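Note that the structure is a prediction, hence the values are computed from the model and not measured. For reference, positions follow the sequence shown, starting with 1. The basis for the numbers below is simple: all heavy atoms, side chains too, and nothing from hydrogens, waters or symmetry mates.
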Amino acid sequence: MDLKNLYKWCSIPAKELAGREDLKVPLRIVKDSDELGTVMARDLVDEIKKANEEKRIFRLIVPCGPKEWYAPFTDMVNEAHVSLRNMVCYHMDENLDWEGKLLPKEDPNNFRTFMERYFYGGIEEELQVLPENRHYLTPYNMQEMSRMISEVEIDYTLGGWGQDGHIAFNQANRNPYVEVSLDDVRNSTARIQNNNNDTILALSQRGLGGAWQFMPPMSITLGVKECMKAKKIRVYSATGAWKQTALRVALFSEPTVEYPMTLLQEHPDALITATKETASHPISEHPEWEFRAVNSK
């Protein structure tokens with residue numbers, strides 16, 4: 001990453017971001033996490049309604065997070081009596097223990113448990129996604145999941161992004177002994193991997209008070225190729241400082257393995273939504289700061 005370019009991108013005030021002609025990916029900015037959750041839920045419900053009106057199956061790649069949208073989604077579906085019976089869900093990732101095995105059911109990082117409670121659990125029974133249409137990614141079915149996705153049209157990929165711009169768990173490569181090219185990332189499919197140290201630390205700070213010792217060290221994820229197969233890709237974040245630099249890189253950089261979400265610019269219908277806090281950046285608020293070999297006098 002060229003630090004002078006990175007400094008330039010991070011120096012742009014948040015109020016000047018949306019609508020710029022030089023954005024690589026369209027950006028929508030919302031007020032706060034509550035508004036983001038509502039917008040995220042509404043975006044998805046509108047797509048489901050459209051599929052129902054057209055009497056077609058709606059295929060969704062869905063993450064466990066961002067988490068702001070589950071309650072509004074449940075309310076919108078139940079109140080408007082939106083049927084999810086023709087929806088097929090492919091869950092994009094899951095955490096694993098040090099042996100690459102699934103976590104205990106009540107581990108707070110067990111994505112399946114969370115989704116069963118907060119994504120499926122609150123929906124009225126007659127509206128629910130059919131059990132046979134809920135496809136969870138595991139170490140034991142990843143080749144089958146890849147095959148299933150390759151053989152159908154995917155309507156919608158929903159997600160967030162990580163501190164290193166990972167989409168799903170497609171992290172930046174930190175292994176000095178493994179060379180991963182941009183084409184490798186672009187064509188990646190479902191796989192088991194070690195979680196990066198920075199991913200573990202960032203997630204532990206967010207949900208476990210910094211207790212990285214309890215964070216899962218491995219994960220399984222759909223690849224970029226599978227996530228990008230959808231007709232529409234929508235990514236969202238309300239996590240502020242975690243995501244601010246990755247957002248700027250996604251908006252202005254050429255595709256790079258350092259930030260996998262830069263590949264969103266190659267998709268014909270991708271949209272990034274961020275809260276005002278996530279769209280801001282401390283460098284933009286402190287033009288007096290100097291960095292050696294970047295802007296120092």
Can you give the donor-acceptor pairs under 3.5 Å from side chains of residues 130-137 to other protein atoms, not counting sequence neighbours?
{"unit_1": "Arg134", "atom_1": "NE", "unit_2": "Val129", "atom_2": "O", "d": "3.0"}
{"unit_1": "Arg134", "atom_1": "NH2", "unit_2": "Gln128", "atom_2": "OE1", "d": "3.4"}
{"unit_1": "Arg134", "atom_1": "NH2", "unit_2": "Val129", "atom_2": "O", "d": "2.7"}

Before you tell me yes or no, could you show the steps for Thr239 and Gln163 under side chain to side chain contact (heavy atoms under 4.5 Å, CB included), namely the whole-Å CA-CA distance, both residues' side-chain angles and the distance that decides it to 0.1 Å? CA-CA 10 Å; Thr239 5; Gln163 80 292 341; over 6 Å; no
Kindly indicate whether the side chain of Pro260, heavy atoms from C-beta on, has any atom under 4.5 Å from the side chain of Gln171. no
Mind jotting down which residue pairs meet the side-chain hydrogen bond (donor to acceptor under 3.5 Å, both in side chains) criterion with at least one end in residues 31-49? Sequence neighbours excluded, please. Arg28-Asp43, Asp43-Tyr236, Glu47-Lys232
CD of Glu126: more than 12 outside heavy atoms within 6.0 angstrom? yes
Does any non-hydrogen side-chain atom of Leu247 lie less than 4.5 Å from one of Leu27? yes
Can you measure from CZ (Arg20) to CZ (Phe252) and round to the nearest 0.5 angstrom? 4.5 Å
Short N-O contact, Asp184 and Lys225, less than 4.0 angstrom: no
Test side-chain hydrogen bond (donor to acceptor under 3.5 Å, both in side chains) applied to Glu179 - qualifying residues, sequence neighbours left out: none
Val152 versus Tyr90: any side-chain heavy-atom pair under 4.5 Å? yes
Report yes if the side chains of Asn110 and Asn95 come closer than 4.5 Å at any heavy-atom pair, otherwise no. no
Side chains of Glu94 and Thr138: do they bring a donor and an acceptor to under 3.5 Å? no
Side-chain touch Val185/Asn173, heavy atoms, less than 4.5 angstrom: no
The side-chain hydrogen bond (donor to acceptor under 3.5 Å, both in side chains) partners of Thr256 (sequence neighbours excluded) come to none
ring-ring contact (aromatic ring centres under 6.0 Å, His included) partner of His91, chosen from Phe169, Phe111, Tyr120: Tyr120
Count the heavy atoms belonging to other residues, nucleotides or ligands that lie under 6.0 Å from CD1 of Ile57, then report whether that count exceeds 12. no
Which residues share a side-chain hydrogen bond (donor to acceptor under 3.5 Å, both in side chains) with Asp183, sequence neighbours left out: Arg186
Can you name the residues that form a salt bridge (Lys or Arg N to Asp or Glu O under 4.0 Å) with Asp198, not counting sequence neighbours? Arg174
What do you reckon, is CD of Glu153 surrounded by more than 12 foreign heavy atoms closer than 6.0 Å? no
Begin from the C-alpha positions of Lys8 and Lys4 and carry the test side chain to side chain contact (heavy atoms under 4.5 Å, CB included) through to its verdict. CA-CA 6 Å; Lys8 179 178 67 176; Lys4 290 186 177 180; over 6 Å; no
Pairs where residues 51-61 contributes a residue and the test side-chain hydrogen bond (donor to acceptor under 3.5 Å, both in side chains) is met, not counting sequence neighbours: Glu54-Arg56, Arg56-Asp155
Distance from Leu36 atom CG to Ser237 atom OG, nearest 0.5 Å? 7.5 Å
Would you give the length of the straight line joining atom CD of Gln193 to atom CG of Leu96, rounded to the nearest 0.5 angstrom? 9.5 Å
Compile the donor-acceptor pairs under 3.5 Å between side chains in residues 61-72 and protein atoms, sequence neighbours left out, one pair per line.
{"unit_1": "Trp69", "atom_1": "NE1", "unit_2": "Pro66", "atom_2": "O", "d": "2.9"}
{"unit_1": "Tyr70", "atom_1": "OH", "unit_2": "Pro63", "atom_2": "O", "d": "3.3"}
{"unit_1": "Tyr70", "atom_1": "OH", "unit_2": "Gly65", "atom_2": "N", "d": "3.0"}

Evaluate the side-chain proximity of Trp9 to Leu251: yes if any heavy-atom separation is below 4.5 Å, no if none is. no
With sequence neighbours left out, what residues match His81 under ring pair (Phe, Tyr, Trp, His ring centres under 6.0 Å)? none
Side-chain touch Pro255/Thr262, heavy atoms, less than 4.5 angstrom: yes
Between the CG atom in Asp164 and the CG atom in Asn170, the distance rounded to the nearest 0.5 Å is 10.0 Å
With sequence neighbours excluded, residues passing ring pair (Phe, Tyr, Trp, His ring centres under 6.0 Å) with Trp289: His286
Val25 side chain near Leu271 side chain, heavy-atom distance below 4.5 Å: no
Yes or no on side chain to side chain contact (heavy atoms under 4.5 Å, CB included) for Leu208 and Asn109, after CA distance, side-chain angles and deciding distance? CA-CA 10 Å; Leu208 285 176; Asn109 290 290; 4.0 Å; yes
Charged N-O contact under 4.0 Å between Glu254 and Lys24: yes
Working for side chain to side chain contact (heavy atoms under 4.5 Å, CB included), residues Leu6 and Phe291: CA-CA 12 Å; Leu6 185 61; Phe291 300 95; over 6 Å; no
Please determine, by modelled atom types, if Arg248 and Asn5 share a side-chain donor-acceptor pair under 3.5 angstrom. no
When you check the side-chain N and O atoms of Ser219 and Asp93, is any donor under 3.5 Å from an acceptor? no
Is any side-chain N of the basic residue among Arg147 and Glu144 closer than 4.0 Å to the acidic one's carboxylate O? yes
In short, salt bridge (charged side-chain N to carboxylate O under 4.0 Å, His left out) pairs touching residues 199-224 with sequence neighbours left out are none
His267 meets the side-chain hydrogen bond (donor to acceptor under 3.5 Å, both in side chains) criterion, sequence neighbours left out, with none
